[in-house]
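A note on names: the letters A, B, ... follow the listed sequences, proteins ahead of strands, and every chain is numbered from 1.
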Protein chains: 2
Amino acid sequence: MGTSLKPANIEMPAPPRPNPGPDPRPMPDPNHADCRGVASVLSRVGDKWSVFVIMMLSDGPKRFNELKRMINGISQRMLTLTLRGLERDGLVTRTIFPTIPPRVDYELTELGHGLSRPVEALGKWAKDHLDRIEAARTKFDQRNEG
Amino acid sequence: MGTSLKPANIEMPAPPRPNPGPDPRPMPDPNHADCRGVASVLSRVGDKWSVFVIMMLSDGPKRFNELKRMINGISQRMLTLTLRGLERDGLVTRTIFPTIPPRVDYELTELGHGLSRPVEALGKWAKDHLDRIEAARTKFDQRNEG
DNA sequence: CAGCATCCGTGAAGATACTG
DNA sequence: CAGTATCTTCACGGATGCTG
């Protein structure tokens, strides 16, 4: 199917872009291969439970139920899965003390602490601009709903 | 169901925590109310498509299909939803040019540009430590699978 | 206390087709 | 070109019960 290739009515001159030059952009990393991997790391950050756990652990090791209490709303299942994920990524260590009852401490690794910095920066930004974002949301919802 | 409250075998003295003091931690923000809102912002960052779009838009406005091409793998539906979400949060603007064929430009707002900075910091961290993380993953998987 | 196994409901995401 | 609408799928997450 030709899908019409009429030379008429094609690409409009419509809006004069401020930047029509020959690609003068910095483009820090056009490498598509990296994106995949980076995305997997970012998705971990996007996981709200992971972020909370990292936050909670940023000031020292914690026990399982200690974390569960602090986060307040997470199910045991999710906490387990979250911790496993973080452990898998080398972001937290899991230390078992063979006492009775058993005790397990979770602690951020060097890598985990490193991650906590940009995450906290992001969290700070989020906190600082939260009101503006929520305002935008309300406004948008009103427009779209009224 | 007493679940046993024998004074014996209770809380162990097991591991001498380096920090058993009366909570000398900084605790930047114990406010639980904020967490909810912050989480909603973080979840947006965690959404891989949102991050990609923000990245793509960080160097100037783009059209719908332009973004679709650049991201390569996103469905039209997801791109639409992602852009709607970003627009709702006041992170991107949507400008319609009533030409034929129609043209819509998406551009980061001031807020969106502000967000792109910590996001890129996070992306940089992810890229820098990607190999270490992937190594940890492989190692973990081997342990758990072998 | 810490954690796994299981079941099940919800909704997020892809594919496809149609409209302005 | 830039969407909307619909259908289907399936992974995420909660609840529950059991083990070491």
How many Å lie between [atom1] on [X] and [atom2] on [N], as a whole number?
X       : N      : atom1 : atom2 : value
B:Leu67 : D:dA2  : CG    : P     : 9 Å
A:Lys48 : D:dC12 : NZ    : P     : 15 Å
B:Leu79 : C:dA13 : CG    : C1'   : 14 Å
B:Ile74 : D:dG3  : CD1   : P     : 13 Å
B:Leu81 : C:dG11 : CG    : C1'   : 12 Å
B:Met78 : D:dT6  : CE    : P     : 16 Å
A:Ile71 : D:dG14 : CD1   : P     : 12 Å
B:Ile96 : D:dC1  : CD1   : C1'   : 12 Å

Of the nucleotides C:dC1, C:dG14, C:dG3, which one has an atom closest to the side chain of A:Arg94?
C:dG3
Which nucleotide in the list D:dA2, C:dG14, D:dG3 gets nearest to the side chain of B:Trp49?
C:dG14
So, using ring pair (Phe, Tyr, Trp, His ring centres under 6.0 Å) as the criterion, who are the partners of B:Trp125 when residues are at least two apart?
B:His129
Sub-3.5 Å donor-acceptor pair from the side chain of [X] to the main-chain atoms of [Y], do we have one?
X       : Y       : answer
A:Glu66 : A:Arg63 : yes
B:Lys62 : B:Gly60 : yes
B:Ser43 : B:Gly46 : no

Identify the heavy atoms of B:Phe64 and B:Gln76 that sit nearest to each other, and give their distance.
CZ-O, 3.8 Å
Quick one, B:Asp105 with B:Arg103, criterion salt bridge (charged side-chain N to carboxylate O under 4.0 Å, His left out). Give me CA distance, side-chain angles, the key distance, then yes/no.
CA-CA 7 Å; B:Asp105 269 22; B:Arg103 164 174 185 166; 3.2 Å; yes
Among all residues two or more places apart in sequence or in another chain, which pass the side-chain contact (heavy atoms from CB on, under 4.5 Å) test with A:Leu81?
A:Arg77, A:Met78
Would one find a side-chain N or O of B:Arg63 under 4.0 angstrom from OP1 or OP2 of D:dA2?
yes
Looking at D:dG3, I'd like to know if its phosphate oxygens (OP1 or OP2) sit under 4.0 Å from a side-chain N or O belonging to B:Tyr106.
yes
Residues in salt bridge (Lys or Arg N to Asp or Glu O under 4.0 Å) contact with B:Lys139, at least two apart in sequence or another chain
none
Mind checking what makes salt bridge (Lys or Arg N to Asp or Glu O under 4.0 Å) contact with B:Arg137, not counting sequence neighbours?
A:Asp89
Taking five pairs at each end of the helix from C:dC1-D:dG20 to C:dG20-D:dC1, what angle separates the two helix axes (nearest 10°)?
50°
So which protein N/O to nucleotides 15-20 of chain D N/O distances come out below 3.5 Å?
unit_1 : atom_1 : unit_2  : atom_2 : d
D:dG17 : O6     : A:Gln76 : NE2    : 3.4

